[in-house]
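Protein chains get the first letters and strands the later ones, always in sequence-line order, with residue 1 at the start of each.
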Amino acid sequence: FPQSTTFEGVGVHVDGRTVPPREEIRAMVLAGGGRYYNYFERSRVTHFVVENIPGAKLQFIRALENAGIHVVRPSWVTESEKQRKLRPVEGFRVDRVLDTKQKKLDVIAPKSVPVATNNSSLGVNRNISTNSGLSSRENPNFVREYFQQSRLSFIGTFKARFESILARIAENKGTSVSAMMSTAEQRRRFCEEHKLQRWILHVDMDCMFASVAVAKNPSLSGKPIAVCHGTSSAPNAARSRSEISSANYIAREAGIKAGMLLGTAIERCPSLVTVQYDFSAYEALGKAMFHIFFEITPLVEAVSVDEAFLDVTGIVPSDDMVKVAHNEQWDVTQLSHQEILAFYVRHKILLQTKCPASTGIGQNKLMAKVATRRAKPNGQFMVQPGEFSRIVSELSVSELPGIGWSTREKLTALNVLTCDQLRAVQLTKLREEFGAVLGTRIFDVCRGRDDSAVELLRIRQSVGVEINWGVRFLANEEDKVENMIREMVEVVLERLGEGSASKITFTELRSKTKSEPYKFLGHGICDVISRSGRTLVKGAGQVSCDFDVLAQACIELHRSIKIAPEDLRGVGIHLSGLRFPWLKLTVSEATTHGLDIRASKKEAIAGNVTFARDRELAVSEGEQLDVVISELEKARSLAASSVERNPTGPTRILAGAQYEFVLPTDADAIDRSVLAALPAEMRRTIEKQVSFQTALSTSTGSRVHHPTKKRRKLVVPRGQMTLTQLSRTQSSGFEKEKSINSNIAVQLNTKGRFSAPDLDSELLHVLSEWMTGVGALGHGKLEIVNKVKIISQWLTKLLNTDKFELARGIMTS
DNA sequence: ATCCTCCCCTAC
DNA sequence: TAAGGTAGGGGAGGAT
Ligand SMILES: Nc1ccn([C@H]2C[C@H](O)[C@@H](COP(=O)(O)OP(=O)(O)OP(=O)(O)O)O2)c(=O)n1
Ligand SMILES: [Mg+2]
Ligand SMILES: [Mg+2]
């Protein structure tokens, strides 16, 4: 909170390296009641603080001064603070490059400000950090190297690797994965039939990445350590924005957590020691851990590389296992089977890997998982029947699995902080606030209710790749951008393996700022723009996941987004609607219909899938499964025929369709004259959206949360076109900026059902009606339509068909 | 009641 | 300096 009013009404942005450093300037300004902007914002910054002006920046600085923004040296801030009064800016103007100053600065900060590449029209330091060799434009092996170094990619892809890990485990045991799966299924059924009391173990390694480092280098034990790419001994470590992946329990006492930035962590714990990643060691540790689990039961569910659920219902520990518990000086006669099993597992893991694991024990997965928190570090804890509510009563609601930052904030707003308080909230209230399913889930979770099964393997429904770090290109490097996209397609196809996908979603981040973000090569504040389409090849009438087809599709989607290469900060490619050679349905279809295709791949091939729950539509007989399959196949072929006729058109493919055309709503991208020509209601909606967005993008720095906005619909009179404002939120992650989604969808709704062959005519008709409807508004409408690139592409295609008359009519008008 | 699209949330 | 990914579940608002 401000301690004085010295800087009231002042907005400060610090550019480049300064003395004193920007952190101090920021503190002074904030303490004096002023505002500090990490990013330069023309409309809010009143004072642009900079030490000196290299030639490359001169033009930019001139423009600032012309716009009435004061460009001052840091001493303006320090002097004003000292005198508790704003100093006149005159005495603090910044000279052009000052040699003496430059030198002085060099002494203080040997690695002085990097040379600007100055490729932007404004002459700002757009690519100030592109001389490291690490960015996408400099590193020829950027995509592969990025994935090799990303710990989030490593943990995010673990489950996909688990199937082959399982195959190795099966091989070692002289069996096969499918045999293990049917054994698991038999066990489950046996327990159900005999109504045995369920007992679940949740095993989780203690500070896994950190423990691996300590095991390898025992001299680290006793010290506070953190795993990250940065180094605590580096000269600028206190400013490091390297993200911490795992911290040991000594470091945690000082408040260090996963996700924290190294600089912040060092501030809290100056003696913190950093260690580098060792992904192959984590993988090996994970494998060793799972080997041990399968000694006990085939009912194992991998949660992550360091964590699993074991369904140990009805399992009696062997004499060896009892001995282990006994050796730990426990009175085994006092221990339940599940506790002995937990001792055994933990003992064996520690013995084999030198890394400690903790175990929670409960009558369902939820209770076991919550128990693990109490067990850590290096312990075990059993939730006794009926004890759950008492155990969590005083804990924060965010201790409950599934309740994260957003839900906690919403509950806090309702004055609900503890699990006890949560239990006092009515089910109807929770459903009102969070929706039918989530509301019920929250209601159940705070009571320890959960009947989900321990699932050995799940078939994936989607696969994707994303890179939102290090993405930097120059204005003339569009070819490099497209090359990066191709390389990412290559990677996503490797991960897809034998599967194929029917839908593709392409996402890009576009920088909203003119300067580099605070995190080195980070994405900073961005708009998130996405486009989706079908992987259907015209003429072939079926999906294709050939490299060439997908690469082309992505590049077309990329071009339709129209981001200047120098503004690009991230790329994502996501494939969904997955099917596999041995499965008749897409994975999501099967899941939606309650089919248990996890039981066995072989059974699925035979169409002999027999498990279902919850839904009336559920299938319990092979015969009914066939009905579901044939219905879905009918729908699919209908869909395929309409998309086949219209591959670049609407993304929705089923008959009687919904079409969403998405256009970006960047303030700059909106043509004022077009806006002026729109009907008042529509104009207001757009204006509201744009100003809302601007408000969002400026509220960085502290933790802010804008609750999700409800969608606002707007129907164009006389037309069939509706303009829909999509819901949006902004929250800031832990010490991170967060980008926001920013699309307006123009939704074209057709009247009633129509048959697939009439699709084009119908759409043309509707579109022409709409055009007539807004025709009186002047030519502005055409520019709007032009922004809807996908419509005009589609119209152009139709010029070459028998519908050309209509199409030409629309284009002409 | 169910499906679709886009988006948000959660966990590691 | 630094590697801010990945996948699933589900809600809103719409169509059928
Ligand atoms: N935000 C996160 C969370 C986790 N991880 C990685 C590092 C962790 O070591 C590993 C396992 O995650 P856990 O949540 O199990 O965390 P730890 O094992 O580190 O600690 P704990 O003892 O709380 O389980 O995943 C990460 O890189 N970033
Ligand atoms: Mg762990
Ligand atoms: Mg874990």
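- Contact annotation: A:R495 reaches the phosphate of C:dT6 (side-chain N/O to OP1 or OP2, under 4.0 Å).
- Among the atoms of the strands shown, only primed sugar atoms or phosphate atoms (P, OP1, OP2) are found under 4.0 Å from some heavy atom of A:F434.
- Between the side chains of A:R495 and A:T157, not a single donor N or O lies within less than 3.5 Å of an accepting N or O.
- For A:H574 and C:dG9, the NE2 to C1' distance is 13 Å, given to the nearest whole Å.
- Atom CZ in A:R472 sits about 13 Å away from atom P in C:dA2, given to the nearest Å.
- Across all strands shown, A:Y277 has no heavy atoms under 4.0 Å from either base or sugar-phosphate atoms.
- Of the candidate nucleotides B:dC9, C:dG8, B:dT5, B:dT5 has the atom lying nearest to any side-chain atom of A:K503.
- Between A:K257 and B:dC12 there is no side-chain polar atom (N or O) within less than 4.0 angstrom of OP1 or OP2.
- Close to C:dT1, at under 4.0 Å from its OP1 or OP2, lies no side-chain N or O of A:S132.
- Distance, A:R151 CZ to C:dT6 P: 12 Å, rounded to whole Å.
- Within the nucleic acid shown, A:A234 comes within 4.0 Å of sugar-phosphate atoms alone, with no base atom in reach, counting heavy atoms only.
- Both A:V465 and A:S240 lie near DNA chain C, and the one whose nearest nucleotide falls closer to the 5' end is A:S240.
- Not one side-chain nitrogen or oxygen of A:T505 sits closer than 4.0 Å to the OP1 or OP2 atom of B:dC6.
- Distances shown here put every side-chain N or O of A:K159 at or beyond 4.0 Å from the OP1 or OP2 atom of B:dA11.
- For A:I442 and C:dG9, the CD1 to C1' distance is 13 Å, given to the nearest whole Å.
- Per the stacking criterion (ring centres < 5.5 Å, plane angle < 30°), A:H229 does not stack onto the base of C:dA3.
- Note: CZ (A:R161) to P (C:dT6) measures 11 Å, nearest angstrom.
- Positionally, the nearest nucleotide of DNA chain C for A:L262 lies more toward the 5' end than for the other of A:L262 and A:R441.
- Using a 4.0 Å heavy-atom cutoff across all strands shown, A:R431 reaches no nucleic acid atom at all.
- You'll find the ring centres of A:F290 and A:F162 inside the 6.0 Å limit.
- Here A:S153 reaches the OP1 or OP2 of C:dT6: one of its side-chain N or O atoms lies under 4.0 Å away.
- Across all strands shown, A:G470 has no heavy atoms under 4.0 Å from either base or sugar-phosphate atoms.
- The residue A:T407 sits close only to the backbone: its heavy atoms come under 4.0 Å of sugar-phosphate atoms, none of a base.
- Counting to the nearest Å, the C1' atom of C:dA3 and the CD atom of A:E145 are 10 Å from each other.
- The shortest distance between the side-chain N/O atoms of A:R239 and the OP1/OP2 oxygens of C:dA2 is not below 4.0 Å.
- With A:K365 as the partner, the salt bridge (charged side-chain N to carboxylate O under 4.0 Å, His left out) test is satisfied by one option alone out of A:E301, A:E455, A:E307: A:E301.
- By the salt bridge (Lys or Arg N to Asp or Glu O under 4.0 Å) test, A:E145 pairs with no residue at all, sequence neighbours left out.
- An OP1 or OP2 oxygen of C:dG5 is reached within less than 4.0 angstrom by a side-chain nitrogen or oxygen of A:Y146.
- Out of B:dT5, B:dC12, C:dT6, the shortest distance to the side chain of A:K369 is found at B:dC12.
- Rounding to whole angstrom units, CH2 of residue A:W405 and P of B:dC12 are separated by 18 Å.
- Within 4.0 Å of A:V463, counting heavy atoms only, lie sugar-phosphate atoms of the nucleic acid but no base atom.
- Across all strands shown, A:E307 has heavy atoms under 4.0 Å from sugar-phosphate atoms exclusively, and none from any base.
- In the set B:dC12, C:dA3, C:dT6, B:dC12 carries the atom at the smallest distance from any side-chain atom of A:D306.
- Distance A:I403 CD1 to C:dG9 C1': 15 Å, rounded to the nearest Å.
- The side chain of A:F520 approaches C:dT1 more closely than any other nucleotide in the set C:dT1, C:dG4, B:dC6.
- Remark: A:R151 is not positioned above the aromatic ring of A:Y282, lacking an NZ or CZ atom under 6.0 angstrom from the ring centre and at most 45 degrees off the axis.
- Looking at A:S242, its side chain never comes within 3.5 Å of a backbone N or O of A:C228 through a donor-acceptor pair.
- Residue A:S530 has no polar side-chain atom (N or O) positioned under 4.0 Å from OP1 or OP2 of B:dC6.
- If you check B:dC9, C:dG4, C:dG8 against the side chain of A:S462, the one that comes closest is C:dG8.
- Across all strands shown, A:I155 has heavy atoms under 4.0 Å from base atoms, whether or not it also approaches the sugar-phosphate.
- The side-chain contact (heavy atoms from CB on, under 4.5 Å) test applied to A:A501 returns A:C545, A:L575, A:L578, not counting sequence neighbours.
- In this pair, A:W469 and A:F142 present their aromatic rings parallel. The plane angle is below 30°, not in the 30 to 60° band.
- Comparing C:dG10, C:dG4, B:dC9 against the side chain of A:L152 picks out C:dG4 as the nearest.
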